[in-house]
Amino acid sequence: MKLTLTLTIFLAVVIGGCNCKIVQFIFGDSLSDVGNNNFLSKSLARANLPWYGIDFGSGLPNGRFCNGRTVADIIGDEMGLPRPPAYLDQSLTEDVILSNGVNFASGGGGILNETGSLFIQRLSLYKQIELFQGIQDLIREKIGSKEANKFFQQARYVVALGSNDFINNYLMPVYKDSWTYNDKSFIQYLMDTQRSQLTLLHSLGARELMVFGLGPMGCIPLQRVLSTDGQCQDKTNQLALAFNKATNELVEELSNTLPNASYKFGDAYDVVNDVITNPGNYGFSNSDSPCCSFGKIRPALTCNPASTLCSDRSKYVFWDEYHPSDSANQLIAKELIKKLGFLKPNQTDASPPTPALGPSSDDDEQ
């Protein structure tokens with residue numbers, strides 16, 4: 001009888017409870033995508049060809065729009081959190097979710113549903129949140145509502161979108177938003193939408209959440225090559241600054257008004273702008289053109305096997321026409337960590353930090 005009672009209690013703990021890890025749930029665009037778009041067969045925004053991923057694990061394409069790690073990868077490493085797999089990865093199970101979290105980020109995705117429609121297939125932020133709700137249902141069935149609520153409230157959340165809403169929407173005349181709004185009203189439209197999305201995430205359990213700001217979008221190689229003089233496009237940069245200011249105010253407001261919310265805004269605009277302006281001060285030799293390109297044939301909208309690589313990838317700020325290199329992402333991540341004072345789960349201010357994993361470590365394989 002005693003043995004039976006003990007076994008019953010043990011099974012109740014295993015089946016109905018969860019000694020859950022603290023994991024990440026990441027919502028974003030191509031700057032955070034770790035492979036979701038590779039499973040969208042009709043998407044025109046995929047990082048599924050060489051030389052993407054050349055400095056990550058096996059060196060094969062893995063869905064990241066970079067030669068190595070994303071900023072979210074590096075921050076998660078510094079915090080001692082597992083790297084979440086892509087939502088559309090076929091190996092995703094309830095146990096994987098409980099151990100590693102999920103990355104919903106999708107190249108071409110935006111805050112707005114209409115953003116990035118020229119890419120045909122992409123996951124907008126609302127769609128990513130909808131998929132997250134489906135994940136919640138699975139976990140509740142697995143461990144019960146009480147433990148699931150605890151799991152989701154203890155998790156860390158990253159929301160990193162916005163650049164496509166400008167570059168692949170508002171600043172392109174083919175999109176209706178480009179003639180429906182002016183600069184001020186479009187940013188207000190984004191803030192109203194973002195407010196609803198971040199509030200929805202809070203209702204789904206998000207308590208510790210970071211929203212990434214935008215960098216100087218007008219200085220990415222694509223914007224330079226489309227300008228008349230090859231310089232940064234000031235209008236685009238001003239939009240990024242206005243977006244950051246409004247988002248910072250929104251995040252601060254929500255953090256102060258939503259119950260138990262700890263929402264933070266991660267702004268690395270100034271340091272990235274300084275890197276681009278003074279690359280030599282940070283160990284870079286090039287900040288205006290992509291490492292992976294077709295040479296003088298510009299713009300090359302994607303990196304592919306026919307592309308030519310720069311001789312030293314660590315010296316280039318940009319990997320392709322749109323995205324920073326692993327070295328630049330490392331610098332951006334360090335700036336955000338320094339500004340926001342990230343700590344590992346259960347770490348105190350006196351605890352020493354652990355260095356982030358290098359881009360070619362075997363641990364980087366996923």
Side-chain angles (χ1 to χ4, degrees), residues 29-31 45 65-67 71 107-108 110 115-116 118 160-175 177-179 181-184 186-187 190 212-247 267-303 307-332 335:
D29 52 28
S30 57
L31 293 172
F65 289 77
C66 183
N67 60 309
V71 170
T115 289
L118 291 180
L161 302 95
S163 60
N164 285 315
D165 293 291
F166 293 100
I167 294 173
N168 290 303
N169 183 354
Y170 179 65
L171 293 173
M172 294 183 70
V174 295
Y175 285 96
D177 287 349
S178 69
W179 68 79
Y181 300 95
N182 59 33
D183 293 357
K184 184 176 180 180
F186 183 68
I187 289 176
L190 287 173
F212 285 179
L214 302 182
M217 302 181 300
C219 295
I220 66 172
L222 177 69
Q223 289 285 300
R224 283 181 182 266
V225 79
L226 294 178
S227 69
T228 56
D229 58 3
Q231 300 301 308
C232 297
Q233 297 207 34
D234 184 63
K235 172 183 169 62
T236 309
N237 283 346
Q238 291 303 315
L239 287 169
L241 288 168
F243 174 89
N244 286 352
K245 182 177 184 295
T247 302
D267 185 0
Y269 184 99
D270 289 342
V271 70
V272 175
N273 191 55
D274 195 45
V275 170
I276 291 170
T277 306
N278 304 292
N281 293 348
Y282 298 86
F284 294 99
S285 61
N286 185 299
S287 63
D288 60 11
S289 56
C291 173
C292 185
S293 71
F294 284 106
K296 294 183 179 180
I297 303 176
R298 302 274 307 283
L301 298 183
T302 186
C303 183
S307 302
T308 301
L309 298 184
C310 59
S311 58
D312 187 346
R313 296 185 287 276
S314 69
K315 300 296 184 183
Y316 273 62
V317 173
F318 292 99
W319 166 246
D320 62 12
E321 298 281 5
Y322 292 90
H323 307 101
S325 65
D326 179 274
S327 296
N329 282 340
Q330 173 77 26
L331 189 148
I332 295 166
E335 177 69 10

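As the structure is a computational prediction, the values presented were derived from the model and not from experiment.
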- Considering non-hydrogen atoms only, spot the tightest contact between A45 and F65 and give its length. O-CZ, 3.5 Å

- How close do A328 and V317 get, heavy atom to heavy atom, and via which atoms? CB-O, 3.3 Å

- Salt bridge present between K235 and D183 (N-O < 4.0 angstrom): yes

- Query: Do L226 and Q233 touch side chain to side chain, with heavy atoms closer than 4.5 Å?
  - Reply: yes

- Of all heavy-atom pairs linking F318 and S287, the shortest is CE1-O, 3.5 Å

- Query: Sulfur to sulfur, is the gap between C292 and C310 shorter than 2.5 Å?
  - Reply: no

- Message: For S325, give me all partners under side chain to side chain donor-acceptor pair (under 3.5 Å), at least two apart in sequence or on another chain.
- Response: none

- Kindly compute the distance separating CZ (F166) from CD1 (I187), expressed to the nearest 0.5 Å. 4.5 Å

- Task: Starting from the C-alpha separation in whole Å, work towards a yes-or-no answer on side-chain hydrogen bond (donor to acceptor under 3.5 Å, both in side chains) for N169 and D165.
- Result: CA-CA 5 Å; N169 183 354; D165 293 291; 4.7 Å; no

- With D312 via salt bridge (charged side-chain N to carboxylate O under 4.0 Å, His left out) - residues at least two apart: none

- Query: Distance from C219 atom SG to I276 atom CD1, nearest 0.5 Å?
  - Reply: 4.5 Å

- Query: Do T236 and Q223 get their side chains close enough for a donor-acceptor pair, meaning under 3.5 Å?
  - Reply: yes

- Task: Would you kindly say whether S289 and N286 are connected by a side-chain donor-acceptor distance under 3.5 Å?
- Result: yes

- Where R224 and C232 come nearest, the two heavy atoms and their spacing: NH2-SG, 3.4 Å

- If you look at every heavy atom in F243 and L190, which pair is closest and at what distance? CD1-CD1, 4.0 Å

- Message: Going by side-chain contact (heavy atoms from CB on, under 4.5 Å), Y269 matches just one of N273, V271, V272. Which one?
- Response: N273

- Item | Heavy-atom side-chain contact between F212 and V71 under 4.5 Å | yes

- Do D320 and S293 have side chains that get closer than 4.5 Å, going by heavy atoms? no

- Query: To the nearest 0.5 Å, how far apart are CG in L161 and CG in L31?
  - Reply: 9.0 Å

- Query: Can you say whether the rings of Y170 and F186 are parallel (under 30°), tilted (30 to 60°) or perpendicular (over 60°)?
  - Reply: parallel

- Going by heavy atoms in the side chains, are I220 and I167 under 4.5 Å from each other? yes

- Task: Using atom types as modelled and distance alone, determine if a side-chain donor or acceptor of T247 lies under 3.5 Å from a backbone N or O of N244.
- Result: no

- Message: Side chains of H323 and L222, heavy atoms from C-beta outward: is any pair under 4.5 Å?
- Response: no

- Item | Under 3.5 Å: donor-acceptor pair, side chain of N237, backbone of G218 | yes

- Over all heavy atoms of both residues, which pair between A240 and M217 is shortest? Give the atoms and the distance, please. CB-CE, 3.9 Å

- Does a donor on one side chain and an acceptor on the other come within less than 3.5 Å for N67 and D326? no

